[in-house]
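Working notes for the structure below.
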Number of protein chains: 2
Amino acid sequence: MMITNKDNSKADTKGNKTRQLIVDTAAKSFSKKGYLATPLKEIATSVGMKTGSLYYHFSSKEELMEEVLATGMILIKQKVDEEMATLNEGASFQEVFKTAVRGHLKAILQHPDYTSTSLRNYIQIPPSVRDALHAKRVSYEQFWQDIITLGEKQGVLRKGLDTRLLKLSIFGCMNWASIWYKEGEKTIEEIATVQAEIFLHGCLAE
Amino acid sequence: MMITNKDNSKADTKGNKTRQLIVDTAAKSFSKKGYLATPLKEIATSVGMKTGSLYYHFSSKEELMEEVLATGMILIKQKVDEEMATLNEGASFQEVFKTAVRGHLKAILQHPDYTSTSLRNYIQIPPSVRDALHAKRVSYEQFWQDIITLGEKQGVLRKGLDTRLLKLSIFGCMNWASIWYKEGEKTIEEIATVQAEIFLHGCLAE
DNA sequence: CCTACCGATCGGTAGG
DNA sequence: CCTACCGATCGGTAGG
């Protein structure tokens, strides 16, 4: 009697390896040239197959995009969680905030293929794909909202500050880096330090 | 002897009105659906003509995009200059900065058709179009760099702060609003006030 | 500004 | 996973 692996979705079979190669290639192109500007033929050629053969692995270009974006969001959350794990119990809002900024920036700048695709392709994401990822997005935004709420609880935030607007502002500040960032100028650590400092203390002396 | 208007490029002729209508329509679609996702046929139909007829006014889709983007950058600068004109001589860095933020946000949020096209389509902009607009972009970035330099001269900026990174951060913060902003929630004035305050003083109390 | 049309390309499919 | 192909659509053109 054979022992079958009922959850073989992550099995290291040849088929799954190929599938992964396709997603990797797609992520690279979608991130660099854009979703609509990338023909499936280009992806197929890169992985060494014919366009039609992609449909053995995916049922549509949108599905491919959805997998790239979903993977990207998971990677971002993983990286941020990894950074957050370095904090000790009862860390101050300042420490927590800076750590989250560092994690997010590392995620979108160190391995941008997956993680920056959604930022660079914002307007190109098909509505159905956007809907499918909605829950993940809300969950990640809530993670940041919780950090800000921590600041409120610790009583360190300016009174009357619109916390939603604060969240959107730091998102914009960080996410825009996925457009201007070039390797080799500033380190990601430095960018994180400066951006966190600006948001915590502003750019003025004193 | 006829008096001819040698610079009739802005003349209010029927042809120029039509041309303007085409650009307006294109700006709307490019901003909302994206450059690549907008077929020329859609623009043509909206203005009541056939696709091929657009080529009486423009020689390519890229040229149309270039005009939309160039107009957008001019409109942004105009709006910002308009706000800056309300300042009196010798205004403090804080006042100047906040005023510039308000002007930029008004420009990209009040009439987003032209002004937000470049932000929402960043990755889709054809390289040749990007090159053609490079000088305008540099000039506008310099305007902001000059504001920050003013802060340095007045000695109010935190020592050692990377001014280029400060500029990129406020750009990201403001420009990202063109993605999340919906009319009717917060006024643009309120958003400008909060974002300027965050950048000047941070989100912490004291 | 229209008619009529093009070459190219696109995402996707049938059948093996 | 390939061969062979599709219907549709695209930006763009010639000639009027």
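Chain letters run A, B, ... following the sequence lines, proteins first and then strands; every chain starts at 1.
Rounded to an integer number of Å, the gap from NZ of Lys61(B) to P of dG11(D) is 4 Å. One can place CD of Glu42(A) at 10 Å from P of dG11(C), the figure rounded to the nearest angstrom. Following rounding to the nearest Å, Phe58(A) (CZ) and dT13(C) (P) show an atom-to-atom distance of 15 Å. Rounded to whole angstrom, the span from the OH atom of Tyr56(B) across to the C1' atom of dG12(D) amounts to 18 Å. In this structure, the OH atom of Tyr35(B) is 13 Å from the P atom of dC10(D), given to the nearest Å. When the C1' atom of dG12(C) is taken as reference, atom NE2 of His57(A) falls 16 Å away, rounded to whole Å. If you take CG of Leu64(A) and P of dC10(C), they are 15 Å apart, rounded to a whole angstrom.
In this structure, Lys28(B) does not pair ionically with Asp24(B), as no charged nitrogen and carboxylate oxygen lie closer than 4.0 Å. A salt bridge is defined here as a Lys NZ or Arg NE, NH1 or NH2 lying under 4.0 Å from an Asp or Glu carboxylate O, and Glu67(A) with Arg19(A) meets this definition. With respect to Glu82(A) and Lys106(A), no salt bridge is recorded, no charged nitrogen being found less than 4.0 Å from a carboxylate O.
The minimum heavy-atom distance between Leu133(B) and Glu66(B), with the atom names listed, is CD2-O, 4.2 Å.
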request  = Any chance you could encode DNA chain D as dot-bracket? Rule is Watson-Crick or G-U wobble with both distances under 3.5 Å; [ ] for pairs crossing earlier ones, | for another strand.
outcome  = ||||||||||||||||
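At distances below 3.5 Å, not a single donor-acceptor pair connects side-chain atoms of Ser116(A) with backbone N or O atoms of Leu119(A). Tyr114(A) places no side-chain N or O within 3.5 Å of a backbone atom of Ser31(A) that could act as its donor or acceptor partner.
Heavy-atom distances under 4.0 Å link DNA chain C to no residue of residues 20-29 of chain B.
In this structure, the nucleotide among dG12(C), dC1(D), dC1(C) sitting nearest to the side chain of Tyr55(A) is dG12(C). With dC1(C), dG11(C), dG11(D) as the candidates, the nucleotide lying closest to the side chain of Leu40(B) is dG11(D).
Ring orientation note: the planes of His104(A) and Tyr140(A) are close to parallel, at an angle under 30° on the 30°/60° scale. Aromatic ring pairs are classed by plane angle as parallel below 30°, tilted from 30° to 60° and perpendicular above 60°; the pair Tyr35(B) and Phe30(B) is perpendicular. The aromatic rings of Tyr122(B) and Trp176(A) sit perpendicular, their planes meeting at an angle over 60°, well past the 30° parallel limit.
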Enumerate all atom pairs, one protein N or O and one N or O from nucleotides 3-9 of chain D, separated by less than 3.5 Å.
none

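Test Glu95(A), Glu83(A), Glu190(A) against Arg102(A) for salt bridge (Lys or Arg N to Asp or Glu O under 4.0 Å) and you get one pass: Glu83(A). Of the residues listed (Leu75(A), Thr117(A), Asn175(A)), the one engaging Ile108(A) in a side chain to side chain contact (heavy atoms under 4.5 Å, CB included) is Asn175(A), and it is the only one.
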